[in-house]
Amino acid sequence: MDQLATPPVTTKAGPPQGLGGILDEGYELTDHVVVDENHIVEGNNDVITKLITGFKTFKEGVFKQKPELYDKLRVGQEPKMMMITCSDSRVCPTMLHGLEAGEAFIVRNVANLVPPCEGSGQHHGTSAAIEYAVTVLNVENIIVMGHSSCGGIKALMSRDDFSGDFIGSWVKIGMPAKKKTLSLLADKPFEEQCSFCEQEAVNLSLVNLLTFPFIQERLHSGSLQIYGMHYDFVEGKLTTWRIAQTQKMGAHN
Amino acid sequence: MATIQQKVDAICKSSPEAARKLEEAIAALEKTTLSGDASTDPIARLGKGFQTFKTNVYEKDSALFDKLKTGQWPKYMVIACSDSRVDPATIFGFNAGEAFMVRNVANMVPAWEPSGGYPSVASALEYAVKHLKVEHIVVIGHRLCGGIKALVTTEEGQGSHDFVENWLEIGKAARAATKAVVGSEDVDEQCKFCEKESVNVSLTNLLSYPWVKEKVIGKKLSIHGGFYDFVEGSFQVWDLDVNVGHSRKF
């Protein structure tokens, strides 16, 4: 297969580098564009146009208007909170809460689920993000936010068989929430069960957070707080709650 | 030197319009800075932010938000880093309903692996491609990524965390390429290289999902890499093209 020439290393952003042989035959990288103020958006590739136009707006706007903020962010990030929210295109936390750059470390996955702590050695994306936020960035707050009409929760509630695809393997993390929902609302309409499960799955995720030792320690010492939220975009309302310890845990020494 | 109070009085006396503008400015400041709470209590911060969103966006753009009550039809799936400085909605102006988003440490897409584990990215990818039928997937890396720095400076199996380094090993081909090409440069140069190279790894991993590859070949889905540099204030983007090579007759 073609070896891509080794590009020179420069201090400015350069072209995308070679793939070290991982790219399969038949694939290539193309259409590399660097956007600065002078770049003229051309072509009718709508996604590229959208990204570039959006970036130019951002650069001329917020980025230039807040030089002190962005100067500070070049040195590092010190977000006080971590948010775990759904990948749903309607529930962007920065838009919902007007968050500025640097405020929140954000994880987004299907149905804002937190799996329990498990050391099976496989790739655990959400667990890795939580570990990074808590032990490296030392965030002080974790907020798990669920939402109305969640497709992931709907899949959890409507399926009996979770094998055969990735969605099933993922949403079945929420099984305890589904069981609780069905035990309490067995005779209620499906929509009502889903609404209940959206909030119950947030609670389950909060409980799963507590299975991480580095979270338990910090909750115990008071350096970390945990919250649940639910955004109902049908009613236009936000519900929030906190998880607190009711009794002191045994001393860790 | 006039005090703030004297300045306020002067403005209020000067014209009703000026007084009104001052009131608006004060109200905006109160929303974000007063009641000490918002600066220390995250719920107050998020709650006040939500009130602003509800008044200025949700209630104003009722046509859009009414439609979104019934479903979502995003054209884009975006995979970006969880880093607090690199929110794609802020940087690219995505509106509600436009982009299905995954955010994780170092914007990684693991290769297709049909069994076991918690498929945090694969499940989102499956939902976006098979159910929402997005048309474009964009993987966006960024400058000064803490995850990539950890990848570059840690050998396989040498990490001190339970999950972080294991996750970052998804990008090990990028680390190998980095060491091969710029291994003699300083850490920052290696990071710059690896930050983009790991986007390429994620792009190739996307193609390891059969139903992604199929749609890309069928031109129903296109894949793009992006790189946001907030040090320089630049953004670059590139495409991944698929050429179907030799055809065979049976």
Side-chain angles (χ1 to χ4, degrees), chain A residues 6 9 13 16-17 19-20 22-23 26-36 47 51 54-55 57-59 73-74 77 79 81 87 89-90 92 94-98 101-102 104-110 115 122-129 131-132 141 166-167 169-170 234 236 238 240, chain B residues 42-43 46 49-50 52-54 58 68-69 72 74 82 84-85 87 89-93 96-105 110 117-120 122-124 126-127 136 161 163-164 167 173 176-177 181-182 193 196-197 200 204 229 231 233-239 241-243 245:
Chain A
T6 304
V9 175
Q17 311 302 339
L19 291 173
I22 10 168
L23 199 58
Y27 302 119
E28 60 175 90
L29 288 168
T30 67
D31 298 321
H32 176 241
V33 174
V34 180
V35 184
D36 60 22
V47 62
L51 292 174
F55 180 73
T57 305
F58 161 72
K59 175 123 192 245
L73 295 178
R74 281 185 189 103
Q77 58 166 336
M81 57 178 130
S87 295
S89 63
R90 300 165 288 186
C92 176
T94 50
M95 171 192 243
L96 287 183
H97 306 288
F105 186 82
I106 296 174
V107 169
R108 293 184 67 179
N109 64 33
V110 170
Q122 296 189 342
H123 297 308
H124 292 312
T126 302
S127 310
E131 188 179 40
Y132 191 85
N141 306 287
F166 294 116
I167 295 172
S169 302
W170 178 254
V234 178
L238 185 72
T240 69
Chain B
I43 295 301
L46 296 174
F50 180 73
T52 307
F53 158 76
K54 185 146 184 226
Y58 182 86
L68 294 178
K69 285 176 189 174
Q72 58 168 333
S82 293
S84 62
R85 301 165 287 186
D87 165 53
T90 307
I91 300 163
F92 305 106
E98 285 196 294
F100 188 78
M101 235 183 268
V102 164
R103 291 184 68 182
N104 63 36
V105 172
Y118 294 123
S120 57
S123 55
E126 190 172 66
Y127 194 77
H136 304 277
H161 297 90
F163 301 102
V164 173
W167 174 254
V181 177
V182 291
F193 185 101
K196 289 190 222 76
E197 192 60 14
N200 293 339
T204 46
D229 185 337
V231 176
S234 73
F235 170 66
Q236 41 183 316
V237 60
W238 59 97
D239 277 0
D241 266 1
V242 176
N243 296 315

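So you know, we letter chains A, B, ... as the sequences are listed, proteins then strands, and number each from 1.
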Task: Greatest number of heavy atom pairs closer than 4.5 Å to chain A - which of B:Ser84, B:Ala124, B:Pro74 - done: B:Ser84
Task: side-chain contact (heavy atoms from CB on, under 4.5 Å) evaluation trace for A:Thr126 with B:Trp167 - done: CA-CA 9 Å; A:Thr126 302; B:Trp167 174 254; over 6 Å; no
Open item on the list: Less than 3.5 Å apart, any donor N or O on the side chain of B:Asp87 or A:Thr94 sitting next to an acceptor on the other?
Closed with: yes
TODO: Identify which of A:Gly102, A:Ala101, A:Pro115 forms the greatest number of heavy-atom pairs closer than 4.5 Å to chain B.
DONE: A:Gly102
Open item on the list: Looking at B:Gly233, is its backbone amide N or carbonyl O close enough to the side chain of A:Lys59 to form a donor-acceptor pair, meaning the two atoms are under 3.5 Å apart?
Closed with: yes
Task: Contact check, side chains of A:Tyr132 and B:Asn104, non-hydrogen atoms, under 4.5 Å - done: no
- [ ] Counting only heavy atoms closer than 4.5 Å, note whether A:Met95 contacts chain B via side chain, backbone, both or neither.
- [x] both
Task: Pick from A:Pro79, A:Ser87, A:Gly54 with the largest number of heavy-atom pairs that fall under 4.5 Å of chain B - done: A:Ser87
Task: Atom group of A:Ala104 that falls short of 4.5 Å from chain B, counting heavy atoms - done: backbone
- [ ] Kindly assign one of parallel, tilted or perpendicular to the pair A:His124 and B:Phe163, based on the angle between their ring planes and the thresholds 30° and 60°.
- [x] perpendicular
Task: Euclidean distance, B:Ser123 OG relative to A:Trp170 CH2, rounded to 0.5 Å - done: 6.0 Å
Open item on the list: Taking A:Leu73's backbone N and O only, do any of them form a donor-acceptor pair with B:Arg85's side chain (distance below 3.5 Å, no angle check)?
Closed with: yes
Open item on the list: Measuring from atom OG of B:Ser82 to atom CD1 of A:Ile106, what distance do you get when rounded to the nearest 0.5 angstrom?
Closed with: 8.0 Å
Task: Euclidean distance, B:Glu98 CD relative to A:Ser89 OG, rounded to 0.5 Å - done: 9.0 Å
Task: chain B contact via A:Thr57 - which portion, at a heavy-atom distance below 4.5 Å - done: neither
Task: Atom group of B:Leu68 that falls short of 4.5 Å from chain A, counting heavy atoms - done: both
Open item on the list: To check you understand the geometry: which heavy-atom pair defines the closest contact between B:Val105 and A:Ala129, and what is its length?
Closed with: CG2-CA, 3.5 Å
- [ ] Hey, could you give me the OG/CD distance between A:Ser169 and B:Glu126, rounded to the nearest 0.5 Å?
- [x] 8.5 Å
Task: For A:Val110 against B:Phe100, the heavy-atom pair lying closest together - done: CG2-CZ, 4.4 Å
TODO: Could you pull out the closest heavy-atom pair between B:Tyr58 and A:Val234, with the gap in Å?
DONE: OH-O, 3.6 Å
- [ ] Search all heavy atoms of B:Leu46 against all heavy atoms of A:Leu238 and return the closest pair with its distance.
- [x] O-CD2, 4.5 Å
Task: Gap between atom CG of A:Leu96 and atom CZ of B:Phe53 - 0.5 Å precision - done: 5.0 Å
Task: B:Ala176 versus chain A, the contacting section by heavy-atom distance below 4.5 Å - done: neither
Open item on the list: So which atom in A:Arg74 and which in B:Val231 form the shortest heavy-atom distance, rounded to 0.1 Å?
Closed with: NE-O, 3.0 Å
Open item on the list: Using heavy-atom distances under 4.5 Å, tell me whether B:Phe50 contacts chain A through its side chain, its backbone, both, or neither.
Closed with: both
TODO: Drop me the distance from A:Arg90's CZ to B:Gln72's CD, to the nearest 0.5 angstrom.
DONE: 4.5 Å
Task: Set of side-chain hydrogen bond (donor to acceptor under 3.5 Å, both in side chains) partners for B:Lys69, sequence neighbours left out - done: B:Asp66
